[in-house]
Number of protein chains: 2
Amino acid sequence: MISIEELDQKAQQIIRQAGQNAYQKMENDYQVDTKTNYTDLVTTIDRENEQLINDQLRKIDPDSQILSEEGFGDQQISNMQGHVWIVDPIDGTMNFVKQHNNFAVMLALYVDGQPTLGYILDVINNRLYHGRKGAGVYANNQKISQPADLGLRESLLAMNRILTLSGDSALKKIAQDAIGLRMYGSAGIEMIGVITGQLGGYISNLKPWDLAAGRMLAEELGLVVKSIDGSSINVLSSNLVLVATRQVSRDIRQIIN
Amino acid sequence: MISIEELDQKAQQIIRQAGQNAYQKMENDYQVDTKTNYTDLVTTIDRENEQLINDQLRKIDPDSQILSEEGFGDQQISNMQGHVWIVDPIDGTMNFVKQHNNFAVMLALYVDGQPTLGYILDVINNRLYHGRKGAGVYANNQKISQPADLGLRESLLAMNRILTLSGDSALKKIAQDAIGLRMYGSAGIEMIGVITGQLGGYISNLKPWDLAAGRMLAEELGLVVKSIDGSSINVLSSNLVLVATRQVSRDIRQIIN
């Protein structure tokens with residue numbers, strides 16, 4: 001059976017290949033459809049990338065389950081036993097279409113529910129953030145150190161549009177207390193912000209594929225990944241998620257409670 | 001007397017030099033102070049850059065007035081007659097300190113009140129956006145074409161934190177109607193977004209040095225730069241500013257009126 005270290009090497013190749021596919025075609029070589037509404041886009045590149053990634057995962061890890069955004073993975077994943085790969089073929093599709101920038105490809109392996117491998121590829125900067133449980137987190141070949149444990153009033157915070165405009169008074173106070181508020185429109189780019197210390201926290205509504213890789217990398221770096229109410233994360237069902245330094249997490253819990 | 005074309009060449013050298021100074025020292029070679037409150041930072045690099053830029057402007061254009069953020073320019077500028085240089089030595093100082101990314105150096109020349117030269121240097125990407133009235137806008141050596149005239153529901157919009165959290169119902173509707181909302185924390189980076197078509201609009205409270213260069217470049221590209229109420233811009237006194245495509249500007253005026 002293939003080892004985790006070998007899967008790590010192969011997964012890095014697979015995600016780089018998906019990144020190249022998106023990069024080569026982003027100028028005009030794709031079609032766009034809407035999903036639930038006019039702000040929810042999918043392109044033929046999302047679908048191509050997902051098939052490309054899933055096909056190769058099936059070859060290197062045939063007994064695994066695959067949970068992926070655009071429907072080419074396993075249809076029903078109700079448990080996290082064994083190997084579960086979680087795939088986001090393009091995260092930040094809106095930015096991909098409108099900006100040709102600020103989007104990512106994301107991939108994670110959970111083993112018996114444990115975050116084990118994580119990958120976020122910032123395609124435009126050609127920088128792969130990757131980690132293996134117990135072996136640290138890297139940006140390409142450079143090891144990332146644990147971000148400084150700053151509090152909310154010393155930290156930039158990212159929050160998505162829905163939460164920022166919700167009118168919820170606790171969320172508003174959190175957004176106002178931070179030293180600055182940022183909104184990049186890609187969970188992957190925002191997760192990179194937190195793991196590199198450029199952001200002290202990120203609050204958003206996240207699906208499994210938005211969360212899986214960033215959670216793995218953030219936890220490996222000693223950051224907090226929790227539901228906003230402080231409860232533990234379930235990657236299959238958690239929705240409103242905070243990724244932050246310990247101190248930002250404490251400061252936010254104090255505002256919420 | 002030195003021509004506008006010669007001033008353009010010299011100004012490009014000056015702003016590149018200020019960018020290099022910031023880049024070389026950004027890892028740790030500076031001190032930080034707060035200005036009006038804990039979210040309003042200034043560093044020794046802001047001050048160094050401003051002195052470096054102003055000293056050289058005085059040499060190449062001795063009869064001009066200089067309006068600059070950190071107090072090394074002329075103290076009272078009440079009219080825009082003759083040559084007025086407007087200087088932002090580091091725009092996005094918070095990002096400079098916290099992210100080592102997403103900040104800019106900005107410079108503009110107004111002649112008898114007319115936007116004539118404009119420069120925004122994205123330091124980390126080493127990309128200088130520059131324009132001369134009637135001669136087009138460039139990113140380094142590449143000419144930028146006029147962005148597509150998309151409407152609000154097809155456009156990403158940037159809005160600053162104060163406006164987004166203000167609770168104002170018209171601003172909230174504008175932020176919700178856009179296809180997506182973004183917040184980068186640097187007027188320069190956000191202006192670059194609009195002139196390259198990555199954003200369809202940007203609404204913010206802007207000081208003269210936040211506005212002067214971006215306004216010059218945006219107008220040269222046929223974009224709209226107005227006060228949010230639709231009135232004309234006065235670079236010395238306008239505050240709440242919209243930079244946008246014509247169609248986004250129309251869509252926003254319809255929401256406000």
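Numbers restart at 1 for each chain; the letters A, B, ... are given by sequence-line order, proteins then strands.
Rounded to the nearest 0.5 Å, atoms CG (B:Leu165) and CG (A:Leu165) are 8.0 Å apart. In this structure, CE on A:Met159 lies 12.5 Å from CG on B:Leu181, to the nearest 0.5 angstrom.
Within 6.0 Å of the OH atom in B:Tyr38, the count of heavy atoms belonging to other residues, nucleotides or ligands exceeds 12.
Residues of residues 140-156 of chain B lying under 4.5 angstrom from chain A, judged on non-hydrogen atoms, are B:Leu150, B:Arg153, B:Glu154, B:Leu156 in numerical order. When the heavy atoms of residues 182-200 of chain B are compared with those of chain A, the residues falling under 4.5 Å are B:Arg182, B:Met183, B:Tyr184, B:Gly185, B:Gly197, B:Gln198, B:Leu199, listed by number.
Residue with the most contacts toward chain B among A:Asp40, A:Asn95, A:Asn125: A:Asn95 (heavy-atom pairs, distance under 4.5 Å). Comparing A:Ile162, A:Thr39, A:Leu41 by how many heavy-atom pairs each has under 4.5 Å with chain B, the most go to A:Thr39. Put simply, of A:Arg161, A:Gln176, A:Met94, the one with the most heavy-atom pairs under 4.5 Å next to chain B is A:Arg161.
At a 4.5 Å heavy-atom cutoff, the contact between B:Asn102 and chain A is made by side-chain atoms alone. Proximity to chain B (any heavy atom under 4.5 Å) is shown, for A:Asn37, by neither the backbone nor the side chain. No part of B:Ala158 comes within reach of chain A, as not one of its non-hydrogen atoms sits under 4.5 angstrom from that chain.
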